[in-house]
Amino acid sequence: MNDAASKKEFARDAAPALRDAPGGSARLTRTLLHAREAVMRQLRPHLRMHGLTEQQWRVLSELTTVTEIAASDLAASTCLRASSLSRIIKDLEYRGLIARRAQLEDLRRTLVSITQRGNNLLHQIEPVSAQIRADVAGRFGADRLDSLAELADDLVAACGGPQAGDDDGE
């Protein structure tokens, strides 16, 4: 069995095993939370210097991967509750970092995109973000970091993918 197949098999089999193991699920969630916090703790001060919260940065970063996205899909891809995302969108739009419009086919749906000003802000942040990633890779090991990211992606997929509201936001 190749390496990718064994990782997918592990991710598929891990969810029930962790759920059934005494303390397994609590340990997993605690460890994942601590890992996320250890990395984000290094980035947050730089984001604050640019007037962004972590959640706002996630929204802007996600918007760089698409031309335009429905707000409901953006909530899912950034793991934010719709109510939190609504406040974030309002603030980022007011600051000229994103644009939003009603979808022509369904005026109840909102489409969101990043503006040039938003892209410019992310370009200012990127050198420090890249340095933080390089520092983490240097301490943890680039190959181990890549493997961790692949395993985390597999775990997310095995558990049904990201869902809106997975993170309380602000």
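Just so it is clear, the values below take in all heavy atoms, side chains as well, and ignore hydrogens, waters and symmetry mates.
- Between E37 and R44 a salt bridge is recorded (basic side-chain N to carboxylate O distance below 4.0 Å).
- For the atom pair CG (L80) and CD (Q56), the distance works out to 10.5 Å, reported to the nearest 0.5 Å.
- Residues A71 and L85 share a closest heavy-atom pair of O-CD2, 3.2 Å.
- L60 and M49 fall into different hydrophobic clusters, where Ile, Leu, Val, Met, Phe, Trp and Tyr residues are linked whenever their side-chain heavy atoms come under 4.5 Å apart, directly or through other members.
- Linking Ile, Leu, Val, Met, Phe, Trp and Tyr whenever their side-chain heavy atoms come within less than 4.5 Å leaves M40 and V156 in two separate clusters.
- Counting heavy atoms from C-beta on, the side chains of L155 and L32 come closer than 4.5 Å.
- We find that E54 and R36 are joined by a salt bridge, their nearest charged nitrogen and carboxylate oxygen being less than 4.0 Å apart.
- To the nearest 0.5 Å, atom OG of residue S77 and atom CD1 of residue I69 are 4.5 Å apart.
- Using a 4.5 Å cut-off on side-chain heavy atoms (C-beta onward), L111 and R100 make no contact.
- Tracing side-chain contacts under 4.5 Å through hydrophobic residues (I, L, V, M, F, W, Y), one reaches L43 starting from L92; they form part of the same cluster.
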Practice task
Would you sort out whether S72 and T110 count as a side chain to side chain contact (heavy atoms under 4.5 Å, CB included), showing the intermediate values?
Solution key: CA-CA 8 Å; S72 57; T110 299; over 6 Å; no
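- With contacts defined as side-chain heavy-atom distances shorter than 4.5 Å, the pair Q55/S84 does not qualify.
- Here R139 pairs with Q42 under the side chain to side chain donor-acceptor pair (under 3.5 Å) rule; sequence neighbours left out.
- Between L28 atom CG and L33 atom CG the span is 11.0 Å, to the nearest 0.5 Å.
- Between R87 and D91, none of the side-chain N atoms (NZ, or NE/NH1/NH2) sits under 4.0 Å from a carboxylate O, so this pair counts as no salt bridge.
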Anything under 3.5 Å between a donor and an acceptor, one on a side chain of residues 121-132, the other on a protein residue two or more places apart or in another chain? List them.
unit_1: E126; atom_1: OE2; unit_2: R133; atom_2: NH2; d: 2.5
unit_1: S129; atom_1: OG; unit_2: I125; atom_2: O; d: 3.4
unit_1: Q131; atom_1: NE2; unit_2: D135; atom_2: OD1; d: 2.7

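- Using a 4.5 Å cut-off on side-chain heavy atoms (C-beta onward), V59 and I114 make no contact.
- The main-chain N or O of T78 is found under 3.5 Å from a side-chain atom of R58 such that the two form a donor-acceptor pair.
- Within the structure, the ring pair (Phe, Tyr, Trp, His ring centres under 6.0 Å) test picks out no pair touching residues 56-88 (sequence neighbours left out).
- Within the 4.5 Å cutoff, no side-chain heavy atoms of H50 are placed close to those of L47.
- Between the side chain of T115 and the backbone N or O of L97 there is at least one donor-acceptor pair closer than 3.5 Å.
- Under a 3.5 Å cut-off, the side chain of R95 and the backbone N or O of G51 do form a donor-acceptor pair.
- Among all heavy-atom pairs drawn from T65 and E62, the shortest one is OG1-O, 2.6 Å.
- To the nearest 0.5 angstrom, I98 atom CD1 is 12.5 Å from N119 atom CG.
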